[in-house]
Participant: 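Please see the structure below; I have some questions.
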Amino acid sequence: MHTLRPIAHAAAIACAGLIALSPAVQAQTDASAGNGATSTLPRVDITGARERYRAETTSAGTRSPTPTEQIPQSIVTLNRNLLQDQGSTTLSDALRNASNVNAVDSRDAWNSNFKVRGFNASTVVDGVAMPGYFAGFESLSAADRIDVVKGPAGALYGATQGQGGTTSTGGTIALSTRAADPLRTVREVGLRVGSFDTRAFNLDLNQPLAEDWAVRLVGDVGQTGFETEGLTQRHRAWAPSVTWQPDGRTQVVLRLRSQDTKGQDYSGLPRTGTLDTTQLTLARDHLIVSQGQPDNTLMSRGANLQWTEQINEVWSGQLLLSRQSAEIDQRGVWLGDPLVCGFGAATLTGNYVCGARLWDRFTTTTVSPALTARYRSGAVQHTAQVGLDWEKTRDEAFMAFPNGLGPLDFFAFANLPSTSYQTWVEPVAPDPADQRNTYRSRTVYLQDQVDVGAWHVLGSLRHTDIQVTDVNANAFFGHDNVTRNRTLTPRAGVVRDWTTQVSTFASLSKGVKVPIGSVFSTPPKPETSLQKEIGLRLKDLGGLSGSLAWFDLARENVAVGDPANPGKSRQTGLQRSRGIEADLRWQASPALTWLAQATRMKARIEEDTTAANVGKVLFNVPERSARIAARHDWLQGPAAGLSAGLGLTHHGRLAGDTTNTYFTPAATLWDAQLGYRMGDARYALRIDNLADKKYFVPSTYFGGGQVIPARPRTVQASATFAF
């Protein structure tokens with residue numbers, strides 16, 4: 001089914017075998033160097049006043065290493081120190097430390113994606129946009145850092161057409177993973193156990209094979225349990241890599257990825273009995289599921305080759321080749337009205353157990369060559385880049401409905417155990433798939449970063465040619481569309497240094513995407529986004545670093561319901577988010593580190609075919625959110641090696657659907673961490689929802705309408721050993 005699956009597994013086995021044989025290889029290397037005996041460099045831990053959570057440079061905003069304070073756009077970096085200190089095990093865990101990024105419950109990750117500044121964000125791993133709409137399952141086992149680029153950032157990484165139904169309108173969540181390193185040896189394993197039978201095993205093995213070769217294997221295997229009755233998610237992730245670095249001018253890195261997630265589908269709970277308990281009260285752990293219902297499965301495979309070459313003192317070249325695939329097979333049931341369930345009889349009343357099987361497979365090929373020139377002309381320093389992004393995605397999918405699921409007496413619902421629902425009937429899968437789409441994009445870009453004195457100017461132009469072939473064989477949709485759109489998207493910004501520690505910036509950026517995931521009576525036109533932003537940035541001002549920004553982000557040509565053609569869409573929508581954000585890191589002392597983020601914004605529908613929707617709050621987007629966290633490390637004395645952290649996270653009320661029929665309440669949560677390092681061993685304890693607050697958040701299942709009981713107090717303990 002997947003040509004990449006055996007390759008990834010074989011590579012994982014090969015890496016493990018090479019690492020197992022590494023002592024002999026290392027011995028030969030040492031002997032050839034005149035050493036005559038095996039040796040490894042001793043471990044050295046350096047502790048100082050350098051800011052623990054601040055990254056000096058990033059490539060996420062410019063595709064070339066640039067000091068963060070010289071980029072005229074909000075970028076938040078979550079480095080490995082932060083991920084490790086807080087014991088982050090999911091991407092949502094980590095992203096709570098960045099302002100204006102929504103949380104994704106793991107039970108809802110089959111249906112939802114991350115939002116930044118109120119709009120969908122793309123997920124990029126090592127420079128490649130991941131296909132699909134289930135970024136919440138992305139493994140952190142190999143993550144070295146996460147950069148959150150705010151605003152229309154699809155221009156940075158192709159047209160992100162391989163994102164399926166998502167876009168990069170809100171921004172880009174860019175993960176960088178650890179690759180094989182010829183300069184060091186790493187052997188590390190870890191164990192983790194926690195509430196609701198959560199458990200996992202992880203490893204990181206890096207072995208130099210010679211002075212210029214190395215292999216690495218990073219991975220984790222385990223399961224996550226939940227308060228919900230009988231619900232468990234099992235996961236497996238492997239990330240083997242090979243690096244060839246013959247000299248200081250050439251580096252070739254091959255990364256493979258294999259990630260699998262499996263577990264019961266979860267549609268949430270109805271509002272009656274949860275938010276509204278006037279008639280009945282539902283157990284928070286109730287699971288709506290049919291007898292014999294198969295588990296959901298998600299398989300993600302990838303190969304990523306990056307070649308960088310320093311041609312001379314001015315020019316360098318980069319080449320990225322990638323092949324990524326993702327396949328989801330989701331079988332679920334939920335409560336709904338008869339028409340939504342597909343029974344089609346308006347005379348029927350009450351709630352029905354609806355059922356559906358959704359299957360979707362994405363395959364994306366990416367080719368991205370680029371040339372970069374770094375040169376000085378008088379007092380002006382230039383970093384100029386020209387490149388090409390070519391991307392092709394095949395998206396095949398179907399949705400089928402089982403027969404045999406029928407009406408349910410809602411008021412008897414509270415007394416039914418989860419195993420009482422009708423037996424699952426596997427629907428017939430169409431062959432070929434109902435939806436057979438192809439997305440092609442070709443983008444040529446030119447970018448220049450100009451530094452002159454206290455000024456840093458960034459400008460870029462991208463010409464994008466996008467072709468979409470949208471084939472819908474299902475008679476219900478009944479329309480095929482072939483579109484081709486060419487567009488020019490600019491990006492411009494300036495930074496002004498007032499001191500070495502204080503600067504201001506302003507920028508304007510535009511994004512474009514051909515809308516997919518909707519059915520149009522006529523070929524769609526490009527959906528556009530435009531962001532204006534001004535901000536203040538600090539760099540180590542009394543140990544304080546970070547940014548404060550005001551933004552205005554508009555999304556135009558949004559697909560909305562077509563009143564003249566029920567079930568289809570037309571492009572007359574306008575949505576806007578506008579507000580202020582703060583992301584701060586404070587190294588108060590070598591032992592004490594603070595982190596704070598806060599957002600206040602309005603995210604509204606401004607134009608829609610349904611007049612009643614105008615002015616509504618965007619679905620599942622809070623107007624206010626914040627987090628503050630502190631960590632103290634005992635560096636000396638009898639408690640040396642001990643660390644403790646405490647955090648507070650808040651979000652405002654959340655709209656449960658696009659029509660704002662209901663809101664889930666605001667919530668404030670405490671979390672805590674305790675750690676101890678002794679030699680090459682690290683021990684950690686993590687507690688989330690410390691006060692065990694009971695509350696609900698919206699479910700995105702079939703566009704919303706249900707709620708999810710937020711996770712109660714959970715405890716996880718871990719131990720990591722280096723050898």
Side-chain angles (χ1 to χ4, degrees), residues 53-54 58 60-61 68-69 71-78 95-103 114-121 147-153 168-173 491-496 498 501-511 529-539 541 544-555 574-586 594-606 615-629 647-655 666-668:
Y53 297 151
R54 185 172 69 86
T58 180
T68 304
E69 62 272 11
I71 301 175
Q73 189 170 2
S74 290
I75 298 177
V76 181
T77 298
L78 312 174
L95 291 174
R96 66 181 177 177
N97 296 292
S99 67
N100 218 344
V101 183
N102 72 308
F114 291 103
K115 294 181 180 180
V116 176
R117 291 182 171 172
F119 299 110
N120 281 337
D147 291 284
V148 181
V149 184
K150 308 288 188 71
S168 54
T169 301
T172 295
I173 298 168
R491 181 183 181 211
V494 60
V495 176
R496 172 66 158 90
W498 300 101
Q501 298 168 313
V502 179
S503 62
T504 53
F505 66 88
S507 64
L508 181 74
S509 56
K510 186 176 182 180
S529 53
L530 180 67
Q531 176 176 275
K532 293 169 281 188
E533 183 178 19
I534 57 175
L536 169 71
R537 188 173 276 124
L538 305 177
K539 177 186 176 183
L541 181 63
L544 186 66
S545 297
S547 62
L548 175 69
W550 171 89
F551 65 91
D552 184 325
L553 174 56
R555 179 188 177 201
L574 171 63
Q575 300 173 356
R576 183 186 302 274
S577 66
R578 180 188 290 129
I580 57 173
E581 299 170 341
D583 287 276
L584 299 172
R585 310 288 189 264
W586 181 33
W594 289 84
L595 172 152
Q597 58 91 347
T599 300
R600 182 172 183 176
M601 72 168 182
K602 290 185 177 181
R604 298 283 193 273
I605 298 172
E606 296 195 351
K616 299 296 186 183
V617 176
L618 296 185
F619 167 60
N620 205 17
V621 176
E623 292 194 352
R624 293 178 176 85
S625 59
R627 174 168 172 77
I628 185 168
L648 180 69
T649 305
H650 170 80
H651 68 76
R653 66 175 191 162
L654 300 168
T668 302

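Side chains are part of it too, since the values below use all heavy atoms of this structure and drop only hydrogens, waters and symmetry mates.
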Participant: Testing Asp583, Leu584, Ile580 for side-chain contact (heavy atoms from CB on, under 4.5 Å) with Ser99, which one passes?
Facilitator: Asp583
Participant: Distance-only, no hydrogens or angles: does the Gln73 side chain make a donor-acceptor pair with backbone N or O of Lys150 under 3.5 Å?
Facilitator: yes
Participant: Can you sort out the partners of Asn97 under side-chain hydrogen bond (donor to acceptor under 3.5 Å, both in side chains), two or more places apart, ordered by chain and number?
Facilitator: Gln86, Arg627
Participant: Check whether any side-chain N or O of Glu581 sits under 3.5 Å from a backbone N or O of Ala98 as a donor-acceptor pair, and report yes or no.
Facilitator: no
Participant: Sequence neighbours left out, what passes side-chain hydrogen bond (donor to acceptor under 3.5 Å, both in side chains) with Lys539? Give chain and number order.
Facilitator: Glu69
Participant: For Thr668 and His650, test the side chains for any donor-to-acceptor distance below 3.5 angstrom and give the result as yes or no.
Facilitator: yes
Participant: Could you tell me which residues satisfy side chain to side chain contact (heavy atoms under 4.5 Å, CB included) with Arg624, sequence neighbours excluded, listed by chain and number?
Facilitator: Arg600
Participant: With sequence neighbours excluded, what pairs up with Arg585 under the side-chain hydrogen bond (donor to acceptor under 3.5 Å, both in side chains) test?
Facilitator: none
Participant: Only one of Arg117, Lys115, His651 passes side-chain contact (heavy atoms from CB on, under 4.5 Å) with Asn102; say which it is.
Facilitator: Lys115
Participant: Holding to side chain to side chain contact (heavy atoms under 4.5 Å, CB included), I want the full list of residues that pass it with Arg576, two or more places apart in sequence or in another chain.
Facilitator: Asp552, Ala554, Arg578, Glu606
Participant: Going by side-chain hydrogen bond (donor to acceptor under 3.5 Å, both in side chains), name the residues that satisfy it together with Thr58, two or more places apart in sequence or in a different chain.
Facilitator: Asp147
Participant: Is there a side-chain contact between Pro72 and Val494 (heavy atoms, below 4.5 Å)?
Facilitator: no
